[in-house]
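Each remark here refers to the structure printed beneath this line.
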Amino acid sequence: METFLLERQDLPAFLNACEAHRRVHIPVEMETHHFIFKPLAEAGAASVALHYLRTALPPKKYFFPPEEVLYRFDAEGYTPQQPDLPPMILFGLHPCDLHGVDVVDHFFARDYPDRTYQNRRSQAWLIGLGCMPDAHCFCQSQGTEHVDGLYDMFLWDLGPRFYVMVRTEAGHDMLHMARALFKPVTDSDRQSYLALLKKRQSAFQLSMPVADLPQVLEVKQDCAVWGEIAQTCFTCGACSMVCPTCTCYDMLDRLELNGECGTRCRTWSSCLFRDFDRGAGDHHFRRDRGDRVKNRYYHKEHGYVNGFGKPSCVGCGRCITSCPAGIDVVSVFTKVRRACGHGGEETRS
Ligand code: SF4
Ligand code: SF4
């Protein structure tokens, strides 16, 4: 890995230089505290939001869109409809979202290889951006507050300049799109970078103990807390829609009015929806709302840990800020711990 410095005022010039080669997408503040990833060509490089913490929808929307047509069909058969993504650069992913992309990669690129996803993902170069946590961030607890090897380039905001880490060949290609803007790093800059990391480490206000959480969940399968949470959860699925790691989807066949052709679509779904696991003969694997609520949380902190050695929650806090019922993932696990008399309280400051 190589490191460089980029002056703050030169960031728009760098993004515009990248746009000349690939479509660049940046975080933009649409209204107060409402951020989305948007094409630079529409937003303009000057509108890049460097202070944002979480976008409404996570980066997975680029590779696994909320709704897409996979096939057109008629009496002759199926014709694939899988528009590839033009070569792109996704700028400004925080460490939690980079880990989120890694989890979705795992699902669509390794566990269940999906050509559509893989084609799109292979077109994307990722530029990370450091952040300072708020009261809803708990990536530190989930071990996702730092990233290694999940980005091509990463920028840490030192104030007047950025400390730039270039990790991959794609990162070097981006560097050379505006090479004159990048300067050598001095010892003073390295000290500033380390001081920033230290400040960030101590800025986390929310944490939850996870070391033994899979074991606690394993022995508390019958915990009454899930039924209690189900009393307040609307099973609206908002938490799944905003989650950078949720991969539930539904397949819909839409027949056109002439009845002769149609489209097969893939749409985001949620394991919280009553019909998500409805099978033939009206058989439901999780008919009870409490079972569906439990399933989502178990997938994050129990099943995924057992399968892949880490939680599939990256601690981004999106579900906390999006839940209309005020259900907070950290409080949920604290309640389960309390119910089984197993301490390990969350901390909030
Ligand atoms: S957003 Fe809240 S109310 Fe809606 S399904 Fe998720 S936990 Fe339940
Ligand atoms: S479960 Fe909530 S906090 Fe965890 S990754 Fe998903 S949206 Fe973020």
Side-chain angles (χ1 to χ4, degrees), residues 35-37 52-61 64 66 93-107 131 133-145 147 150 204-210 213-214 217 225-248 250 268-277 286 288-305 308 310-336 346 348:
F35 300 92
I36 65 168
F37 285 108
Y52 93 98
L53 275 178
R54 49 188 77 82
T55 49
L57 292 183
K60 72 178 182 187
K61 71 174 184 176
F64 170 38
L93 276 69
H94 293 321
C96 58
D97 273 348
L98 286 163
H99 281 279
V101 171
D102 191 49
V103 170
V104 182
D105 279 355
H106 206 143
F107 183 79
C131 46
D134 71 2
H136 305 301
C137 296
F138 60 103
C139 57
Q140 194 179 41
S141 300
Q142 302 299 92
T144 54
E145 81 272 39
V147 276
L150 300 175
F204 282 93
Q205 304 163 51
L206 178 61
S207 72
M208 71 171 185
V210 295
L213 191 50
L217 295 174
V225 164
W226 302 113
E228 290 165 23
I229 295 168
Q231 298 295 313
T232 51
C233 173
F234 305 124
T235 60
C236 65
C239 49
S240 303
M241 301 302 140
V242 300
C243 181
T245 67
C246 278
T247 47
C248 289
D250 203 355
W268 286 0
S269 187
S270 170
C271 56
L272 288 157
F273 293 161
R274 188 170 183 273
D275 281 349
F276 179 74
D277 59 1
R286 289 181 287 272
D288 184 76
R289 184 183 295 195
D291 288 342
R292 299 198 297 277
V293 170
K294 172 186 165 188
N295 175 68
R296 180 169 191 273
Y297 290 96
Y298 263 69
H299 173 75
K300 299 291 180 200
E301 297 284 350
H302 178 263
Y304 204 84
V305 178
F308 307 107
K310 61 179 183 180
S312 67
C313 169
V314 295
C316 70
R318 278 189 182 88
C319 59
I320 300 175
T321 57
S322 302
C323 176
I327 294 172
D328 170 335
V329 54
V330 174
S331 298
V332 166
F333 287 116
T334 300
K335 276 186 191 156
V336 174
E346 68 192 52
R348 288 171 199 265

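Ligands are counted one by one from 1 in listed order, and the atoms in each one are counted from 1 as well.
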Need the ligand 1 atom indices (1-based, order shown) with element for anything under 4.0 Å from a heavy-atom of [X].
X    : result
A238 : 1 (S)
T235 : 5 (S), 8 (Fe)
F234 : 3 (S), 8 (Fe)
C323 : 1 (S), 2 (Fe), 3 (S), 7 (S)

Exercise for review: Could you tell me whether D134 and R54 make a salt bridge, using a distance below 4.0 angstrom between a side-chain N and a carboxylate O?
Suggested key: yes
Exercise for review: May I ask you to decide whether D288 forms a salt bridge with K294, counting only side-chain N to carboxylate O separations under 4.0 Å?
Suggested key: no
Practice item. Determine how many protein N/O/S atoms sit closer than 2.8 Å to atom 2 (Fe) of ligand 2, leaving waters out since they are not shown. Key: 1
**Study point:** D250 side chain to S269 backbone, donor-acceptor under 3.5 Å
**Key:** no
Exercise for review: Would you mind checking which non-hydrogen protein atom is closest to atom 8 (Fe) of ligand 1, with the distance to 0.1 Å?
Suggested key: C233 SG, 2.3 Å
Practice item. Give the residue, atom name and distance (to 0.1 Å) of the protein heavy atom nearest atom 4 (Fe) of ligand 1. Key: C236 SG, 2.2 Å
Review point. Does anything in residues 227-247 pair up under salt bridge (charged side-chain N to carboxylate O under 4.0 Å, His left out), and if so which pairs, sequence neighbours excluded?
Key: none
Check your understanding: Should the ring pair Y52 and F35 be called parallel, tilted or perpendicular, given that the plane angle runs from 0 to 90° and is split at 30 and 60?
Key -> tilted
Point to revise | Whether W268 and F64 hold their rings parallel, tilted or perpendicular, with breakpoints at 30° and 60° | key: tilted
Check your understanding: At a non-hydrogen distance cut-off of under 4.0 Å, which region of L272 contacts ligand 1 (side chain, backbone, both, or neither)?
Key -> side chain
Practice item. Check whether any side-chain heavy atom of V329 sits under 4.5 Å from a side-chain heavy atom of F138, and report yes or no. Key: yes
Review point. What pairs of residues pass the side chain to side chain donor-acceptor pair (under 3.5 Å) test when at least one of them lies in residues 320-329, not counting sequence neighbours?
Key: D328-R348
Study note, to complete from the structure: Across all chains, not counting sequence neighbours, the ring pair (Phe, Tyr, Trp, His ring centres under 6.0 Å) partners of F37 are none
Revision key, fill the gap. Note: ligand 2 atoms sitting under 4.0 Å from heavy atoms of F138 are 3 (S)
Check your understanding: Between K60 and T247, is any side-chain donor less than 3.5 angstrom from a side-chain acceptor?
Key -> no
Revision key, fill the gap. Among S270, A325, G237, P324, closest by heavy atom to atom 5 (S) of ligand 1 is G237
